[in-house]
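What follows is a short report on a single structure.
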There are 2 protein chains.
Amino acid sequence: MRADAQRNRERILDAAEEVFARCGASASTEEVARLAGVAIGTVFRHFPTKDDLLAAILKRLLARLAEDAATLGGADGLHVFFRRLVGQAAAKRTVVDLAGVSVPAAVSRLDEAVGELLDQAQAAGTVRGDVRRPEVMALLVSLCQGALHGGWDVELQERTLAVVFAGLAA
Amino acid sequence: MRADAQRNRERILDAAEEVFARCGASASTEEVARLAGVAIGTVFRHFPTKDDLLAAILKRLLARLAEDAATLGGADGLHVFFRRLVGQAAAKRTVVDLAGVSVPAAVSRLDEAVGELLDQAQAAGTVRGDVRRPEVMALLVSLCQGALHGGWDVELQERTLAVVFAGLAA
DNA sequence: TTGGAAAATGAGTCTCGACTCATTATCGTA
DNA sequence: TACGATAATGAGTCGAGACTCATTTTCCAA
């Protein structure tokens, strides 16, 4: 790949991440091109359809989240991760919006990272033993959706998470 | 209002409820008109914009939910309501989709009904005393969103709700 | 029964956004 | 440097869906 093409590809991904984070997946490709400083045709050369572009940034975001999760651990790693993710949900609409576009590999990596955090929390006794990964992911996703659509303030978020944490511990 | 106008208004509302439940708020007004058996112009005569139509059915749905909640009560009324609502979330996309369209009065009636259920559950000791209405609503909304976008099966739903119920009780 | 107001009709307008492609510009190699 | 391959450009096409309005139909009160 030529150097200019490589450079533009990066610019487009960065721009797309910002635009979709701000306006959700319904933002126009035109807007992405404008922010990236390239013509609309260039965006479509790199990503033949809008879905391809969405999939690409979703993949990046999920990979970043998995990485982030991997740096956490110990008794309350899972709790920290929950709090962090839910707190960002409103700002990063993208992850939350994208029920349609799926990136199996990236999702499963995140899934594993969360499983790891869960194992550690259970070993430390912060989370009871019969809780399994699927419901933890379900709760995480639900809370992110809820936070995004509900516009929670910090206190409500904390109170809501407190209930869930109590449920995981009880 | 003339009799035929009244009749068509009802037909349109019923059709809209079904169409938006099936396809979400992005379904076209044309589709609603077709199912209602009226011309597109008739829909716009009754509801000048698509948002007006969405607001109208949202109002009906919320009123129905509030009514439904009012018939429940006792120690596990809140729990039954949660299970019922989350179970329907995937089928009734409409309520869940509609972050944008708001119908304050209808929402606050639902809010009150849930508050009533919460009071009774707390009186019965099924839910601990320091839990408040806002986080209960937040959890309810989150779980509906999660169930819709995640496509949960019955077991996952039950396991997820079990964690939340434990958190409310603990 | 009938006159006119209210309502319904549906082809047409308008906007918006995804996507195309002929043309022009840029890169990297020989 | 020169040249062909690769990439960028952006005006234009296309389809979809919200909304309009001149015309026709239906209702109902006198």
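Reminder, nothing fancy here: chain letters follow the sequence lines and each chain counts from 1. It should be emphasised that the depicted structure is a prediction, and the values quoted were computed from it without experimental measurement.
- Screening A:V103, A:D14, A:T94 for a side chain to side chain contact (heavy atoms under 4.5 Å, CB included) with A:R60, the sole residue that qualifies is A:D14.
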Completion exercise
Per-nucleotide protein contact along nucleotides 17-30 of chain D, 5' to 3', at a 4.0 Å heavy-atom cut-off (B base, S sugar-phosphate only, - neither), is -SBB-----BSS--

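- Side-chain N/O atoms of B:N8 include none lying less than 4.0 angstrom from OP1 or OP2 on C:dA7.
- In this structure, B:R11 places its CZ atom 14 Å from C1' of C:dA7, rounding to the nearest Å.
- Following rounding to the nearest Å, A:Q6 (CD) and C:dT26 (C1') show an atom-to-atom distance of 16 Å.
- Using a distance-only test at 3.5 Å, with no hydrogens or angles considered, no donor-acceptor pair links the side chain of B:R109 to the main chain of B:L65.
- Rounded to a whole Å, the CZ atom of A:R45 is 15 Å from the P atom of C:dT26.
- A donor and an acceptor atom, one from each side chain of A:D52 and A:T49, are located under 3.5 Å apart.
- Straight-line distance from the CD1 atom of B:I12 to the C1' atom of C:dT9: 12 Å, rounded to whole Å.
- Each of B:Q157, B:Q88, B:E158 was scored for a side-chain hydrogen bond (donor to acceptor under 3.5 Å, both in side chains) with B:R83, with one residue passing: B:E158.
- Side-chain N/O atoms of B:H46 include one lying less than 4.0 angstrom from OP1 or OP2 on C:dA8.
- Rounding to whole angstrom units, CZ of residue A:R34 and C1' of C:dG17 are separated by 12 Å.
- Rounded to an integer number of Å, the gap from CZ of A:F20 to C1' of C:dA18 is 12 Å.
- Of the possible donor and acceptor atoms, none in the side chain of B:D97 sits under 3.5 Å from a partner among the backbone N and O of B:G24.
- Checked by atom type and distance alone, the side chain of A:Q120 pairs as donor or acceptor with a backbone atom of A:G74 at under 3.5 Å.
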